Amino acid sequence: MTANTAIKRIGFCCKYLDSNGETVPDKNYRGTTVAWLNRQSKDVAEQRLWDIMEHNVHATFRVVTEVGSMEPSLRMMRLGSDMLPVYTEPTWSYFWRRADVIAFLERELAKVGELARKLDVRLSFHPGQYCVLVSASDDIVTRSIDEFEYHVDMARWMGYGTTWHDHGFKINVHLSGRRGADGIIHALGRMSTEARNLITIENDEMTAGIDNILALENHVALVLDLHHHWVHSASYLDTQDDRVQRIVNSWRGTRPTLHYSVSREDLLIGHPTDTLPNRELLKSQGHKIQKLRAHSDMMWNTAVNDYALSFLPQFDIQVEAKHKNLASTALYRYYTNL
DNA sequence: GAGGGTCAAGTCCGT
DNA sequence: ACGGACTTGACCCTC
């Protein structure tokens with residue numbers, strides 16, 4: 001717990017856009033592909049990885065500076081998993097063990113972490129769909145732990161993870177995979193102390209709903225995804241629902257974060273913007289559940305916004321929308337004008 | 001410079 | 001069993 005936990009935050013994910021919706025190059029990540037690296041000489045490939053590393057780490061510093069200049073309630077963002085490309089890819093992972101690379105990351109990411117704490121910017125990571133800690137395959141579990149520990153390495157270099165969700169930091173994953181909740185408990189035993197301090201588990205749309213993730217309430221902090229819950233159960237939660245309170249309690253005193261998104265506006269053209277979307281009604285009208293999962297550009301529905309904001313006294317809100325910080329800032333403006 | 005194809009990885013669903 | 005969605009643009013290559 002830190003002194004800033006009284007602040008109610010609304011944050012965004014992974015990319016920073018200017019007011020025109022354009023990606024700002026010096027505050028966003030560059031990338032490469034394994035296929036491209038494999039086509040180059042070793043020297044050329046390593047130089048590219050070094051250049052991308054420098055750019056991405058410095059871009060992180062600049063975007064944290066930017067977010068840290070915003071109103072206190074907007075100082076929250078998820079960092080992209082692509083900061084250090086091919087970190088866990090077998091052919092190229094050796095690059096990230098080079099002494100000069102590690103020295104750079106130790107030095108520069110420490111500055112990023114210090115800046116985030118000084119400016120009171122709440123940060124997080126969200127490993128992607130290929131990080132499946134509870135896969136039925138042992139090999140996939142092992143590689144997923146490696147992928148998770150990659151995110152832990154970045155967090156550790158930034159100075160997070162020595163204590164339970166310090167400064168609200170989280171590394172969030174889903175509970176998809178056949179081993180279910182027990183698989184997480186097993187995986188935790190194979191992970192670093194910092195990983196166990198930072199991991200959160202989120203309910204998903206198709207497989208693990210909140211009832212499933214609650215099996216882990218005494219093991220990890222739980223992330224409530226409101227849209228996933230709607231897709232999974234066709235229902236809306238009351239903030240006083242016992243299950244919501246158990247999710248809050250799983251954070252053991254740290255202010256929780258929830259995830260908030262809504263179905264694409266171009267899928268629901270003509271839907272009243274002040275009425276809660278009804279999943280069963282939409283389904284009966286021919287909307288496919290798969291399609292309803294996809295995220296909107298902006299938070300276009302004031303009824304769902306009111307629903308999500310009703311959780312703000314208890315949770316920070318991570319907005320997942322294609323228009324990124326433009327969507328989270330607009331939601332905050334809506335909130336302050338209520 | 002524009003346009004089109006490519007991209008490390010897993011899981012689930014529909015057919 | 002297999003293809004596609006999910007997401008998701010950014011990058012790379014060709015023209």
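Note that this is a predicted model, so its numbers are computed, not measured. Chain letters run A, B, ... following the sequence lines, proteins first, then strands; residues in each count from 1. Side chains included, hydrogens not; waters and symmetry mates left out as well; all remaining heavy atoms used.
Distance from the side chain of A:R30 is smallest for C:dC11 among the nucleotides C:dC11, B:dT11, C:dT7. Closest approach to the A:R48 side chain among C:dC11, C:dC12, B:dG10 is made by C:dC12 (side chain taken as heavy atoms from C-beta onward). Side-chain proximity of A:R293 to C:dC6, B:dA8, B:dC12: nearest is C:dC6. Comparing B:dA8, C:dC12, C:dC6 against the side chain of A:T33 picks out B:dA8 as the nearest. Out of B:dT11, C:dG9, B:dA9, the shortest distance to the side chain of A:K322 is found at C:dG9.
Between the NZ atom of A:K291 and the P atom of C:dA5 there is a distance of 7 Å, rounded to whole Å. Across the protein-nucleic acid pair, A:I289 atom CD1 and B:dT11 atom P stand 23 Å apart, rounded to whole Å. As rounded to whole Å, 18 Å separates atom P of C:dA5 from atom NE2 of A:H287. Rounded to whole angstrom, the span from the NZ atom of A:K288 across to the C1' atom of C:dA5 amounts to 14 Å. If you measure from atom CD of A:E202 to atom C1' of C:dC6, you get 14 Å, rounded to the nearest angstrom. Atom-to-atom, CD of A:Q290 to C1' of B:dC12 comes out at 7 Å; the value is rounded to the nearest Å. In this structure, CG of A:D139 is placed 12 Å from P of B:dA9, rounded to the nearest angstrom. Nucleotide C:dA10 holds its P atom 14 Å from the OH atom of A:Y29, rounded to whole Å.
Taking every heavy atom of both residues into account, A:L224 and A:F315 meet most closely at CD2-CZ, 4.4 Å.
C:dT7 and B:dG4 have their P atoms separated by 25 Å, given to the nearest Å. Comparing C:dG3 with B:dT6, their P atoms are spaced 16 Å from each other, to the whole Å. Nucleotides B:dA8 and C:dC13 are separated by 13 Å at their P atoms, to the nearest Å. One C1' atom belongs to C:dG9, the other to B:dC12, and the distance between them is 23 Å to the nearest Å. For the C1' atoms, the distance linking B:dG1 with C:dT8 amounts to 23 Å, nearest Å.
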Practice prompt. Take A:R156 and A:D153, measure what salt bridge (Lys or Arg N to Asp or Glu O under 4.0 Å) needs, and give me the verdict at the end.
Written response: CA-CA 5 Å; A:R156 189 186 291 113; A:D153 286 347; 2.8 Å; yes
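For C:dC13, one of the phosphate oxygens OP1 or OP2 lies less than 4.0 angstrom from a side-chain nitrogen or oxygen of A:W36. OP1 and OP2 of C:dG9 both lie 4.0 Å or more from every side-chain N or O belonging to A:T23. Side-chain nitrogen and oxygen atoms of A:R178 include at least one within less than 4.0 Å of the OP1 or OP2 phosphate oxygen of B:dC12. Between A:K15 and the phosphate of C:dA10, there is a side-chain N or O to OP1/OP2 separation shorter than 4.0 Å. The side chain of A:R143 contributes an N or O atom lying less than 4.0 Å from OP1 or OP2 of B:dG10.
When heavy atoms are screened at a 4.0 angstrom cut-off, A:Q129 is found touching base atoms of the nucleic acid. Among the protein residues, A:R264 comes within range of no part of the nucleic acid, since none of its heavy atoms lies under 4.0 Å from any strand. As judged by a 4.0 angstrom heavy-atom cut-off over every strand, A:S144 is placed among residues making no nucleic acid contact.
For the salt bridge (charged side-chain N to carboxylate O under 4.0 Å, His left out) with A:D316, the qualifying choice from A:R122, A:R78, A:K170 is A:R122, the only one to do so. When each of A:R9, A:E66, A:R75 is checked for a side-chain contact (heavy atoms from CB on, under 4.5 Å) with A:V121, only A:R75 meets the rule.
Summarising the base pairing, C:dC13 is matched to B:dG3 through a Watson-Crick or G-U wobble pair whose two defining distances lie under 3.5 Å. Taking a pair to require two hydrogen-bonding distances under 3.5 Å in either a Watson-Crick or a G-U wobble arrangement, B:dA8 remains unpaired. Using the Watson-Crick or G-U wobble rule with both distances under 3.5 Å, C:dT7 pairs with nothing in any strand shown.
The side-chain ring of A:Y130 is not stacked on the base of B:dG10, judged by centre separation under 5.5 angstrom and plane angle under 30 degrees.
The aromatic rings of A:H227 and A:H295 sit perpendicular to each other, their planes meeting at more than 60°, with 30° as the lower class boundary.
At a cut-off of 3.5 Å, with distance as the only test, no side-chain donor of A:T162 or A:E194 sits close to an acceptor on the other residue.
Residue A:R178 qualifies as open at atom CZ: its count of foreign heavy atoms under 6.0 Å is 12 or below.
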